[in-house]
Amino acid sequence: MPNYKNIDEIRYQFETKDKGFIHKLLYRKSFFEQFEKSKFTNYQPDDLELFANWFSALSDAGEKEKGKLLIALRFFLKTKKPYEIFPDDQTRIEIVRFGLWLAEKEPLDDVVWLINQFITDNDPPVPKDYFGDEKFNYHQQIINNESVNVITTVLGHLAWVIQKLAMKKDYIIKSLQYTKKLLVHPNLYIKLQALIPLIEIAARRQWLEEYDKQNNTQIYGEFRKIVFDLLNKYSQYKAFANSLTHIFYYFKDLTTEEALEVLDKLKDSREAASLFVYFGVYRERHYKDKISFNQKPLKEKLTSIILDKEEKYEDLRGSIAWHFWRILQETPDEFATLKPYLNLFFNLPYNRRYYSSLERIIEEWIEREPEVCINWFVDSIIKLREYVNNNESLARNTWIEPEKALQFIAANKPTLLVNQIKNLTELWKLGAFVGSPRAIFDTYKLVTDPTLKEEAKNQFRSWYDEMKSLNPKIEEISWE
């Protein structure tokens with residue numbers, strides 16, 4: 001809080017081309033005295049601009065100053081809309097963000113008041129009235145199917161304040177009401193931001209059902225219709241599809257037809273992987289006595305997307321493989337359940353998007369499922385070799401870390417070792433990263449059969465000498 005006892009005003013003078021000298025108000029003693037007392041009995045019109053310029057600094061000054069800011073806002077916005085007295089969009093954004101602090105205090109009546117002030121704000125404008133820089137035209141970027149991952153504009157930030165209401169049972173209905181207002185905005189960016197509170201509402205949708213039972217209403221049905229309308233109208237846009245997957249993540253009780261519709265509409269989004277895995281693998285375990293569900297077409301849908309050769313689904317397949325890895329980390333008993341789908345992946349051509357997760361599965365499971373994982377490992381090396389042979393210019397962008405699998409093979413399946421090292425050596429020559437040469441060639445030391453061990457050592461040494469002649473800087477290896 002500024003405190004200049006002997007100064008009434010501070011102004012900054014600067015010259016402009018059109019208006020000559022301008023004197024910008026930086027400080028006025030009388031305003032801050034009124035602010036300190038929270039009594040605005042003699043404020044001047046340009047005090048509003050002063051308040052706007054100081055808002056951000058005052059909001060960082062501590063809890064006490066924040067309380068005074070709220071009193072000041074309630075006074076200034078008593079009869080006018082925010083955009084009428086604070087024409088600068090950034091100022092209004094700062095005030096809206098102030099709502100995130102208010103949301104930490106219960107009850108949330110002050111948050112409701114703030115949302116009411118800004119829910120009809122004019123930032124962003126309707127698309128036909130936008131004449132700014134195209135790099136900030138997020139409505140058009142969504143139409144162009146670009147990713148839009150920024151939080152901007154007054155209403156865009158307001159969506160995140162509305163989200164906070166959804167996290168409180170007594171305010172979730174209010175949150176839905178405000179979200180519906182954002183959804184009718186003609187700017188697609190604001191419709192997209194409205195999905196932020198919808199995700200929170202979806203996570204707590206049982207509160208809507210409870211409210212309906214207590215009040216004989218149909219709010220949950222209305223919410224469900226909103227979500228499916230969004231799916232049908234906007235899922236063709238990448239930005240919407242990504243967010244809609246997070247909403248439908250909480251809809252585990254879909255019927256067979258609904259689940260198929262959701263997967264079909266959202267399959268262009270890599271974020272839909274969790275939905276494909278759940279409905280394709282696990283949905284049949286749940287709601288058995290409540291909702292009729294035919295798992296077969298969902299299993300087929302998951303299988304189909306794994307085997308699909310279209311490039312646009314590569315990210316989705318990569319995400320599905322990651323989910324399989326994650327599930328096996330958290331729930332090892334699911335190995336037998338996921339094995340058929342993993343077999344599908346290992347029959348695919350090499351692609352780093354999913355092979356990175358497959359390699360981790362091999363490394364983490366080779367000791368528990370040796371026969372399966374050794375076969376997967378051998379297949380993966382073959383697939384990688386085929387890929388590099390057909391794409392030599394991309395060899396330097398491929399890598400594998402096979403050390404743990406090779407060590408296990410050396411100790412348990414030594415007859416397979418030499419051929420795997422041969423393939424890795426050839427990959428190295430083409431420029432691929434194949435792990436540490438020392439760690440790879442040292443695997444012969446783990447072979448227990450003396451004859452096989454000596455044969456491996458001699459062969460490995462020959463390949464190492466060849467590699468050393470091509471790159472004298474590779475790490476030294478002791479053959480003793």
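Note on Lys81 versus Asp121: no salt bridge recorded, every NZ/NE/NH1/NH2 to OD/OE distance being 4.0 Å or above. Comment: Lys267 does not engage Asp308 in a salt bridge, judged by the lack of any side-chain N to carboxylate O separation of less than 4.0 angstrom. Look at Glu364 and Lys404 and you find no salt bridge, because none of the NZ, NE, NH1 or NH2 atoms lies under 4.0 Å from a carboxylate O.
With a 6.0 Å radius and a threshold of 12 heavy atoms from other residues, nucleotides or ligands, Phe335 has its CZ atom above the threshold. Around atom NZ of Lys299, more than 12 heavy atoms belonging to other residues, nucleotides or ligands sit under 6.0 Å away. Counted within 6.0 Å of CZ on Phe14, heavy atoms from surrounding residues, nucleotides or ligands total more than 12; the atom is thus considered enclosed. Heavy atoms from other residues, nucleotides or ligands lying under 6.0 Å from NZ of Lys29 number more than 12. Counting heavy-atom neighbours within 6.0 Å of Arg360 CZ, excluding the residue itself, gives a total above 12.
One N or O on the side chain of Lys66 and one on the backbone of Ser59 form a donor-acceptor pair closer than 3.5 Å. The backbone N or O of Glu271 sits less than 3.5 Å from a side-chain atom of Ser269, completing a donor-acceptor pair.
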Can you check ring pair (Phe, Tyr, Trp, His ring centres under 6.0 Å) on Phe345 and Tyr341, steps first, answer last?
-> CA-CA 7 Å; Phe345 270 110; Tyr341 300 103; 9.0 Å; no
Let me see the working for Asn137 and Glu134 under side-chain hydrogen bond (donor to acceptor under 3.5 Å, both in side chains), right down to the final yes or no.
-> CA-CA 5 Å; Asn137 188 351; Glu134 281 304 302; 3.2 Å; yes
Show your working on side-chain hydrogen bond (donor to acceptor under 3.5 Å, both in side chains) between Tyr237 and Asn242 and close with a plain yes or no.
-> CA-CA 9 Å; Tyr237 302 123; Asn242 288 339; over 6 Å; no
Please lay out, stage by stage, how Arg28 and Glu49 fare under the test salt bridge (Lys or Arg N to Asp or Glu O under 4.0 Å).
-> CA-CA 11 Å; Arg28 176 176 283 143; Glu49 182 180 358; over 6 Å; no
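If you take CD on Glu310 and CG on Leu316, they are separated by 11.5 Å, rounding to the nearest 0.5 Å. Expressed to the nearest 0.5 Å, how far CG of Leu358 lies from CH2 of Trp376 amounts to 8.5 Å. With rounding to the nearest 0.5 angstrom, the CZ atom of Arg317 is 11.0 Å from the CZ atom of Phe276. Thr120 OG1 to His185 NE2: the interatomic distance, rounded to the nearest 0.5 Å, is 10.0 Å. Here the CD1-CG distance, from Ile306 to Asn347, works out to 11.0 Å after rounding to the nearest 0.5 Å. Residue Tyr138 holds its OH atom at 15.0 Å from CD1 of Ile143, rounded to the nearest 0.5 Å.
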For residues 146-162, which side-chain donor-acceptor pairs fall under 3.5 Å, sequence neighbours excluded?
unit_1: Thr153; atom_1: OG1; unit_2: Gly156; atom_2: N; d: 3.0
unit_1: His157; atom_1: NE2; unit_2: Ile151; atom_2: O; d: 3.3
unit_1: Trp160; atom_1: NE1; unit_2: Gln193; atom_2: OE1; d: 2.9

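Take Gln177 and apply the side-chain contact (heavy atoms from CB on, under 4.5 Å) test, not counting sequence neighbours, and it matches Ile173, Lys174. Partners of Ser304 according to the side-chain contact (heavy atoms from CB on, under 4.5 Å) rule, which considers only residues two or more places apart in sequence or in another chain, do not exist here.
With no hydrogens or angles considered, no side-chain donor-acceptor pair links Asn294 and Arg283 at under 3.5 Å.
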